[in-house]
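Notes for the one structure printed next.
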Amino acid sequence: METLDWSKLSFTYMKTDFNVRSYYKDGKWSAPEATTSDKVEVHMAATSLHYGQTAFEGLKAFRGKDGKVRIFRMRDNAERMLSSCRGILMAELPIELFEETVLKAVKLNERFVPPYESGASLYIRPVIFGTSEQVGVKPADEYAFIVFVMPVGPYFKEGFKTTSVVIYRGYDRAAPHGTGTYKIGGNYAAGMVAGERAHHEGYSAVLYLDAKEKKYIDECGPANFFGIRNNIYITPQSTSILPSITNKSLMQLALDNGMKVEQRQVPEEELETFEEAGMCGTAAVISPINRVDDVEENKSYVISKDGEPGSISTKLYQQLRAIQYGDAPDTHGWVTIL
Ligand code: PLP
Ligand code: COI
């Protein structure tokens, strides 16, 4: 702990003091309990291992100048996890239990919340999965819910710098009536091949098009997409993307700044018109995009001519971070102070 260099953290697993767990059995969730072990023992025929009954969340806690710890939009993550449970027929995780477990995990690991000056944060990873055996394809009777935390720096090693993303027409992440709106393991498994290829080819992420028509922008592997033109914040509406809490927050901040917001289908060609574009998410925060390559079509959309983040993305990034760290007033009630 003494040797932790907060300013050099990346987005990698680190064991902290405790994780907090609750188990679903006989139709009831147990009271959350802390443990120091970061291992789990599950039945080899658990539904999570075979049939993908598993979902997760990602949220963050920030230490302010005043020393207080603030958790950002915890209720929204609780609601999305409940929606994921319903989406793949897992036991429903009550909102209050989600919040209680998250608060306990952060409190017990408070010494891992990075200091204000570092610009780092505590990433909170709740995960839920089917634990009981089921060889026929059916939902499990028993589930585990675990919340662990770790101090993190930027998800993309570049931080708030522009990177390039890539469109590959040969891969889909989620189908129009599939599971893309849920934060479930299967969506990330579906994106592994394209994601790794993108990294090997020098891109920070894949930008997926809608799976049916290959016409509209969906989202990136680990984050939503937005573009900016004429003081309008434009972001895809789609039945196959994750409803990002960061994106929702940026839309609100854009409105607060007097911008217009359009959430609608975004044709790929519109990339030509964007003055700025970015990926957004809890881990990514805002990660500005300088170029989008559509490799099969042999097209390249240059968004940032000088390779620098645009002024509106920069302002939105600063405004979001200011609320998260308690430097700006929490006018929308997004923050829970520990
Ligand atoms: N889209 C995907 C596929 C993600 O994994 C994430 C990360 O959570 C997001 C979007 C961004 O969502 P949020 O802003 O709620 O973290
Ligand atoms: C997040 O932003 O919290 C995510 O879950 C994205 C990624 C690490 C999958």
Side-chain angles (χ1 to χ4, degrees), residues 9-14 54-62 71-84 87 98 102 120-128 147-157 159 165 171-175 178-192 194-196 198-199 204-211 217-226 233 235-254 263 266 277-287 289 316-317 320-321 323-324 332 334:
L9 289 170
S10 61
F11 194 88
T12 39
Y13 178 75
M14 182 190 297
T54 174
F56 65 100
E57 272 303 327
L59 62 163
K60 278 178 173 170
F62 303 83
I71 305 175
F72 190 67
R73 302 198 77 164
M74 174 170 62
R75 174 147 295 229
D76 294 72
N77 289 91
E79 284 168 358
R80 193 170 63 189
M81 183 160 255
L82 180 56
S83 156
S84 296
F98 181 99
V102 165
S121 57
L122 187 77
Y123 185 72
I124 306 164
R125 174 53 69 87
V127 60
I128 179 170
V147 177
F148 66 85
V149 302
M150 59 190 201
V152 297
Y155 182 71
F156 295 110
K157 63 182 187 312
V165 299
Y171 309 95
D172 295 320
R173 174 186 170 274
T179 55
T181 56
Y182 307 122
K183 203 163 168 64
I184 63 168
N187 295 335
Y188 298 83
M192 290 286 176
E196 282 305 285
H199 291 147
S204 58
V206 176
L207 178 60
Y208 289 97
L209 297 181
D210 78 282
I217 297 173
D218 248 359
E219 66 172 332
C220 298
N224 272 184
F225 173 89
F226 68 86
Y233 181 100
T235 192
Q237 179 132 51
S238 162
T239 56
S240 47
I241 67 176
L242 193 74
S244 156
I245 295 160
T246 311
N247 199 5
K248 204 161 69 159
S249 309
L250 294 174
M251 285 189 255
Q252 182 61 56
L253 293 175
Q263 192 174 18
V266 181
M279 299 181 260
C280 63
T282 297
V285 195
I286 286 180
S287 182
I289 295 172
L316 290 170
Y317 174 82
L320 179 68
R321 303 260 296 172
I323 296 173
Q324 292 174 329
H332 298 289
W334 288 342

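For ligands, and for the atoms within them, numbers begin at 1 and follow the listed sequence.
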Quick one: look up the protein heavy atom nearest [atom] and list residue, atom name and how far away it is.
atom: atom 6 (C) of ligand 2; answer: P222 O, 3.7 Å
atom: atom 16 (O) of ligand 1; answer: T282 OG1, 2.6 Å
atom: atom 6 (C) of ligand 1; answer: P222 O, 3.3 Å
atom: atom 8 (C) of ligand 2; answer: Y155 CE1, 3.6 Å
atom: atom 2 (O) of ligand 2; answer: A283 N, 2.8 Å

[atom1]/[X] to [atom2]/[Y] distance, rounded to the nearest 0.5 angstrom?
X: W334; Y: I245; atom1: CH2; atom2: CD1; value: 11.5 Å
X: T246; Y: M251; atom1: OG1; atom2: CE; value: 10.5 Å
X: Y13; Y: Y123; atom1: OH; atom2: OH; value: 13.5 Å
X: I286; Y: L250; atom1: CD1; atom2: CG; value: 4.5 Å
X: Q324; Y: T282; atom1: CD; atom2: OG1; value: 8.0 Å

Return a yes/no value for S244: is any of its N or O atoms, backbone included, closer than 3.5 angstrom to an N or O of ligand 1?
yes
Flag Y188 as yes when one of its N or O atoms lies below 3.5 Å from any N or O atom of ligand 1, and as no otherwise.
yes
M74 vs F98 side-chain heavy atoms within contact, under 4.5 Å:
yes
Hey, does E219 have a side-chain heavy atom less than 4.5 Å from the side chain of S238?
no
Under 4.0 Å from a heavy atom of [X]: which atoms of ligand 2 are those, numbered in the order shown and with their elements?
X: F56; result: 5 (O)
X: R125; result: 5 (O), 8 (C)
X: K183; result: 4 (C), 5 (O)
X: Y123; result: 1 (C), 3 (O), 4 (C), 5 (O)

Numbering as shown, the atoms of ligand 1 that approach [X] to under 4.0 Å (heavy-atom distance):
X: G281; value: 11 (C), 14 (O), 16 (O)
X: E219; value: 1 (N), 2 (C), 3 (C), 10 (C)
X: R80; value: 12 (O), 13 (P), 15 (O)
X: K183; value: 4 (C), 5 (O), 6 (C), 7 (C), 8 (O)

Measure the distances from the heavy atoms of E57 to every atom of ligand 2 and state whether one is below 4.0 angstrom.
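Distance cut 4.0 Å: E57 fails for ligand 2.
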[X] near ligand 1, heavy-atom distance under 4.0 Å?
X: K248; result: no
X: E57; result: no
X: G221; result: yes

Evaluate the criterion side chain to side chain contact (heavy atoms under 4.5 Å, CB included) for residue pair L253 and Y233; output intermediate values, then yes/no.
CA-CA 10 Å; L253 293 175; Y233 181 100; over 6 Å; no
Using a 3.5 Å cut-off on N or O atoms only, is L59 in polar contact with ligand 2?
no
Is Y188 close to ligand 2, meaning an N/O of one under 3.5 Å from an N/O of the other?
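The answer is no, given that Y188 and ligand 2 share no N or O pair closer than 3.5 Å.
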Check the side chains of D210 and S240 for a donor-acceptor pair under 3.5 angstrom, ignoring hydrogens and angles.
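No, no side-chain donor-acceptor pair sits under 3.5 Å.
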Can you list the steps and then say if V147 with I124 is a side chain to side chain contact (heavy atoms under 4.5 Å, CB included)?
CA-CA 7 Å; V147 177; I124 306 164; 3.7 Å; yes
For ligand 2, which part of K60 has a heavy atom less than 4.0 Å away: the side chain, the backbone, both, or neither?
neither
Could you walk me through whether I289 and F225 satisfy the side chain to side chain contact (heavy atoms under 4.5 Å, CB included) test, starting with their C-alpha distance in whole Å, then the side-chain angles of each, then the deciding distance to 0.1 Å, before giving a yes or no?
CA-CA 9 Å; I289 295 172; F225 173 89; 3.8 Å; yes
So V152 and K60, side chain to side chain contact (heavy atoms under 4.5 Å, CB included) or not? Walk me through it.
CA-CA 9 Å; V152 297; K60 278 178 173 170; 4.1 Å; yes
Nearest candidate to atom 13 (P) of ligand 1, where distance is taken over non-hydrogen atoms, out of L59, I241, T181, I245:
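Checking each option, the heavy atom nearest atom 13 (P) of ligand 1 is found in I245.
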Looking at D218 and R173, does any basic side-chain N land under 4.0 Å from a carboxylate oxygen?
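Judged by the 4.0 Å cut-off on N to carboxylate O distance, D218 and R173 do not form a salt bridge.
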Salt bridge (Lys or Arg N to Asp or Glu O under 4.0 Å) with E57: which of R125, R75, R73, R80?
R80
Once you restrict to heavy atoms under 4.0 Å, what part of R173 touches ligand 1? Side chain, backbone, both or neither.
side chain
